[in-house]
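Position 1 is the first residue of the sequence; numbering continues from there. Predicted model, so just to flag it, every value in this text is computed and none were measured.
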Amino acid sequence: MRQLRLSDLVLVAAAMAGVAALVTSLNDWWVLVCVVVLPVVFVGVWLLNTHEGAQAITTALTRRVGLIGIMGILVIAAVVDTPWMSRESIVTTAGEFEVYVLETEPGFLKVLTVDGRQFEIIDTSTVLSRTVVD
């Protein structure tokens, strides 16, 4: 039986932290469901395999689960059109805007507008309020 290495534990801890961040900050409960369901499916398929051909396919898939996961993430990133941050309503002296805040620096905000997806820089001295829009 193979012993656990420190790198294995660090990888599991990083994955758990990522899942916890997605679930708590963005309410992406589907990530937690996938983390629980996929291993159960893999173990179930592996346990139910009695035919050598099917077992070889399952073994090949489980050995490449990391690569398959990375490919899945890249496909999702290419297909999803919504930015992975909260939409905010920003009231400035010039008016009210719905934006995605990309970066907050001293003195200015880098934002992506909801309408038109334009990149803009807003001087923070003109910002009266910021509210997260659900």
Chemist: For the CE atom of Met16 and the CG atom of Leu32, what is their distance to the nearest 0.5 Å?
Modeler: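 Between Met16 CE and Leu32 CG, I get 10.5 Å after rounding to 0.5 Å.
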Chemist: Would you sort out whether Val111 and Tyr100 count as a side chain to side chain contact (heavy atoms under 4.5 Å, CB included), showing the intermediate values?
Modeler: CA-CA 6 Å; Val111 300; Tyr100 298 102; over 6 Å; no
Chemist: Write down the atom of Asp123, the atom of Gly107, and the distance for their closest heavy-atom approach.
Modeler: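 Answer, listing the atom of Asp123 first, then Gly107: OD1-O, 3.1 Å.
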Chemist: Return the CZ to CD1 distance between Arg64 and Ile70, rounded to the nearest 0.5 Å.
Modeler: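 Between atom CZ of Arg64 and atom CD1 of Ile70 there are 14.0 Å.
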Chemist: Please list, chain by chain and in numerical order, all residues satisfying side chain to side chain contact (heavy atoms under 4.5 Å, CB included) with Val40, sequence neighbours excluded.
Modeler: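 Once residues adjacent in sequence are excluded, Val40 has no partner under the side chain to side chain contact (heavy atoms under 4.5 Å, CB included) criterion.
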Chemist: Could you pull out the closest heavy-atom pair between Phe119 and Leu112, with the gap in Å?
Modeler: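 Answer, listing the atom of Phe119 first, then Leu112: N-CD1, 4.3 Å.
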Chemist: Mind checking whether Leu128 and Ile122 sit in one hydrophobic cluster, side chains of I, L, V, M, F, W, Y counted as touching below 4.5 Å?
Modeler: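 No: no chain of side-chain contacts under 4.5 Å links Leu128 to Ile122.
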Chemist: Does Phe108 belong to the same Ile/Leu/Val/Met/Phe/Trp/Tyr cluster as Val101, with side-chain heavy atoms less than 4.5 Å apart forming each link?
Modeler: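 No, Phe108 does not connect to Val101 through the hydrophobic network.
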Chemist: Is Val19 linked to Val12 within one hydrophobic cluster, defined over Ile, Leu, Val, Met, Phe, Trp and Tyr using a side-chain heavy-atom separation of less than 4.5 Å?
Modeler: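 Each belongs to a different hydrophobic cluster.
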Chemist: Can I get a per-line list of side-chain donor-acceptor pairs under 3.5 Å for residues 88-97, giving both atom names and the distance, sequence neighbours left out?
Modeler:
unit_1	atom_1	unit_2	atom_2	d
Glu88	OE1	Arg130	NE	2.8
Glu88	OE1	Arg130	NH2	3.1
Glu88	OE2	Arg130	NH2	3.0
Ser89	OG	Glu96	OE2	2.6
Thr92	OG1	Ala94	N	3.2
Thr92	OG1	Gly95	N	3.3
Thr92	OG1	Gly95	O	3.0

Chemist: Is there a path of hydrophobic side-chain contacts, each under 4.5 Å between heavy atoms of I, L, V, M, F, W or Y residues, that connects Leu11 with Ile68?
Modeler: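 Different hydrophobic clusters.
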Chemist: By salt bridge (Lys or Arg N to Asp or Glu O under 4.0 Å), which residues pair with Glu103, not counting sequence neighbours?
Modeler: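 With sequence neighbours excluded, Glu103 shows a salt bridge (Lys or Arg N to Asp or Glu O under 4.0 Å) to Lys110, given in chain and number order.
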